[in-house]
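What follows is a single structure, written as structure tokens, with notes after it.
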Amino acid sequence: MIIRLALVAVVWFGLLVGVTRFSDAAPAALVLFPGKNLLSHLPQGVAVTGRTTFSVTLRSTNPALAERLYRAGAWVVLPAGLDGCLTR
């Protein structure tokens, strides 16, 4: 049972990373474990909207945000700012 749950978690995480990398569906991006130099290498037009010890949330109106963040040194980029299944 634990192995199945771990497999589901890994597949789910991989799907999130893939969707973020290859689409601009999310209005923002969550970078996990940002390097010390990531913020100084942010592409033009990217704004920091949140920050914790282990992550930074970024927003941009320019296309291909995830791709640009990977080029700036991000290790893991996940979607952020989506409404999800519950709409208002």
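Numbers for residues simply follow the sequence, beginning at 1. Given the structure is predicted, the values throughout are model-derived calculations rather than measurements.
Few gaps surround CG on Leu5; more than 12 heavy atoms of other groups in view lie less than 6.0 Å from it. Counting non-hydrogen atoms of other residues, nucleotides and ligands closer than 6.0 Å to CZ of Arg21 gives a total above 12.
The closest side-chain heavy-atom distance from Val31 to Leu58 is below 4.5 Å. Put simply, the side chain of Asn62 reaches to within 4.5 Å of the side chain of Arg68, judged on heavy atoms.
Closest approach of Ala72 and His41 over heavy atoms only: CB-O, 3.3 Å. The minimum heavy-atom distance between Ala28 and Thr57, with the atom names listed, is CB-CG2, 4.4 Å. Nearest heavy-atom pair, Asp24 versus Ala64, reported as atom, atom and distance to 0.1 Å: OD2-N, 2.9 Å. Closest heavy-atom contact between Pro79 and Ala26: CB-CB, 3.6 Å. Leu69 and Leu38 make their closest contact through O-CD1, 4.2 Å (heavy atoms, listed as atom of the first residue, atom of the second, distance).
Val10 and Leu78 fall into different hydrophobic clusters, defined by Ile, Leu, Val, Met, Phe, Trp and Tyr side-chain heavy atoms under 4.5 Å apart, directly or through other members. Placement of Val19 and Leu32 in two distinct hydrophobic clusters is found when ILVMFWY residues are connected by side-chain heavy-atom separations under 4.5 Å, directly or transitively. Taking hydrophobic clusters as Ile, Leu, Val, Met, Phe, Trp and Tyr residues chained together by side-chain heavy-atom distances below 4.5 Å, Leu39 shares a cluster with Phe54. In the hydrophobic clustering of ILVMFWY residues, with side-chain heavy atoms under 4.5 Å counting as a link, Phe22 and Trp75 come out apart. Val76 is not connected to Val11 by any chain of hydrophobic side-chain contacts under 4.5 Å among Ile, Leu, Val, Met, Phe, Trp and Tyr, and they are in different clusters.
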Starting from the C-alpha separation in whole Å, work towards a yes-or-no answer on side chain to side chain contact (heavy atoms under 4.5 Å, CB included) for Thr49 and Val56. CA-CA 8 Å; Thr49 59; Val56 62; over 6 Å; no
Side chain to side chain contact (heavy atoms under 4.5 Å, CB included) between Val77 and Val17, worked out: CA-CA 6 Å; Val77 180; Val17 170; over 6 Å; no
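With rounding to the nearest 0.5 Å, the separation of OG in Ser55 from CG in Leu30 is 4.5 Å.
Here the side chain of Ser40 pairs a donor or acceptor atom with the backbone of Asn37 at under 3.5 angstrom.
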